[in-house]
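Read through the structure below, which is laid out as structure tokens, and then see the notes.
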Number of protein chains: 2
Amino acid sequence: MQTRAKDRKWQITQLGLDLLQTRGYENFSYQDISTALGITKASIHYHFPKKEDLGVALCGAIQDWHESLFRKIQQENTSNAEKLNHYIRALLEYAKGKNKICPLSSLQADVASLPANMLPALQALDRHELGFIAQLLANGRAQGEFSFPGETSHQAAIVVLTLKGALQYSRIHGSALLEPTLDQLQSLLIA
Amino acid sequence: MQTRAKDRKWQITQLGLDLLQTRGYENFSYQDISTALGITKASIHYHFPKKEDLGVALCGAIQDWHESLFRKIQQENTSNAEKLNHYIRALLEYAKGKNKICPLSSLQADVASLPANMLPALQALDRHELGFIAQLLANGRAQGEFSFPGETSHQAAIVVLTLKGALQYSRIHGSALLEPTLDQLQSLLIA
DNA sequence: GTCTATACACCGATAGAC
DNA sequence: GTCTATCGGTGTATAGAC
């Protein structure tokens, strides 16, 4: 059984996610991973022959995280406002530690140098996330819980983009503006 | 007189700005600039001995752009809503052409690998921009033109972060969501 | 100012022993 | 699965001729 291989692959993926969120895809190297794990670059290439392969695996890990989180949120018996807050807290938790941002924001920033394989995956992840939040807002508005003008997809864009932007902004300027801005963001949805 | 040197330096700076907005600071090289200008890498090093020097110059160019734009907006005899729209249009214009984003967003994404000299400049630019928008919103609200809850600085953060995020998002998914999201953003400010 | 030539570090990637 | 060794390419940067 290849549980050990799976563990190693998992280790590399987790470390890759961390580096993606801190340095960006083009700015971390196999060397970074190998020294952190105490093995050589060649060993990393055994598990992920090309960096592109690791990149695709990172997209898959993000997708797994999305699916797990979204399923959990949908199943819980709470208001849509609480569901939205759950999503926000989960993303903040995912970027916890120091100087991490949303992995999708990171990939977006490097899109010009990204391997071609990764673009469709990135697009699908973005759409999936935005669609989920739009559905949350639509449900909340239909039940009189939320009140905002315009289409839900545009309001969802404001929520998601502000959240991820605030995370990125906090990395430069500290977290003083993070929580109050997110509170403000949610207060804009209340009737 | 060194007008020719100044022109060359200006050319390099403009090209550097373009590359910053498309590829990011760590993902463009002196080679990119030299081939585009038809000179050698060594010539670029004559004008900007270290890439860090070019990076600082890029921050200065962004600052010049900010100061010029903000002065122009403040001097015009228009409503605060029109002033805000002027700022939004100016940033969209600055990222016009293909696959460009706000240069500050780009620098933020690369902050982990950025030369130490550039960080204070980046912080000052961010604060200057956010402060300007916050002042616009404060004036508009004092005059009954805008209506929104909470502090102006937090609302300004929502405006700026959504705008820049939408620009980045458009590069991946096309511009279909850009204009309606910005419309929605401004409609949230109306009483 | 711009050139040729080069130094040095790091990158992704591969071959082959163990 | 991990290692040593190495390759080719590219990055920033410098020396010195013109």
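Note that the structure is a prediction, hence the values are computed from the model and not measured. Chain naming here is simple, since letters A, B, ... match the order of the sequence lines and numbering starts at 1 in each.
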Candidate nucleotides C/dT2, C/dG12, D/dA5, ranked by approach to the side chain of B/Tyr46 - the nearest: C/dT2
Closest to the side chain of B/Lys51, out of D/dC3, C/dA5, D/dA13, is D/dA13
Looking just at side-chain N and O atoms, do [X] and [Y] make a donor-acceptor pair shorter than 3.5 Å?
X	Y	value
A/Gln11	A/Arg8	yes
B/Glu76	B/His86	yes
A/Gln135	A/Asn139	yes

Side-chain N or O of [X] versus OP1/OP2 of [N]: is the shortest distance under 4.0 Å?
X	N	value
B/Lys50	D/dA13	no
A/His47	D/dT2	yes
A/Thr40	D/dT2	no

Quickly work out the [X] [atom1] to [N] [atom2] distance and round it to whole Å.
X	N	atom1	atom2	value
B/Phe48	D/dT12	CZ	P	14 Å
A/Leu54	C/dG12	CG	P	10 Å
B/Asp53	D/dA13	CG	C1'	12 Å
B/His45	C/dC3	NE2	C1'	14 Å

What residues from residues 16-33 of chain B pass a heavy-atom cutoff of under 4.0 Å to DNA chain C? none
Run the side-chain contact (heavy atoms from CB on, under 4.5 Å) check on B/Leu119 and A/Ile172 step by step: do they pass? CA-CA 8 Å; B/Leu119 184 57; A/Ile172 316 281; 4.2 Å; yes
Worked check of side chain to side chain donor-acceptor pair (under 3.5 Å) between A/Glu82 and A/Ser79: CA-CA 5 Å; A/Glu82 286 168 314; A/Ser79 68; 3.1 Å; yes
For B/Leu84 and B/Ile88, run side-chain contact (heavy atoms from CB on, under 4.5 Å): C-alpha distance rounded to whole Å, both residues' side-chain angles, the deciding distance at 0.1 Å, then the answer. CA-CA 6 Å; B/Leu84 178 63; B/Ile88 293 175; 4.2 Å; yes
Across the strands shown, which category fits B/Lys41 at heavy-atom distances under 4.0 angstrom: base, sugar-phosphate, nothing? base
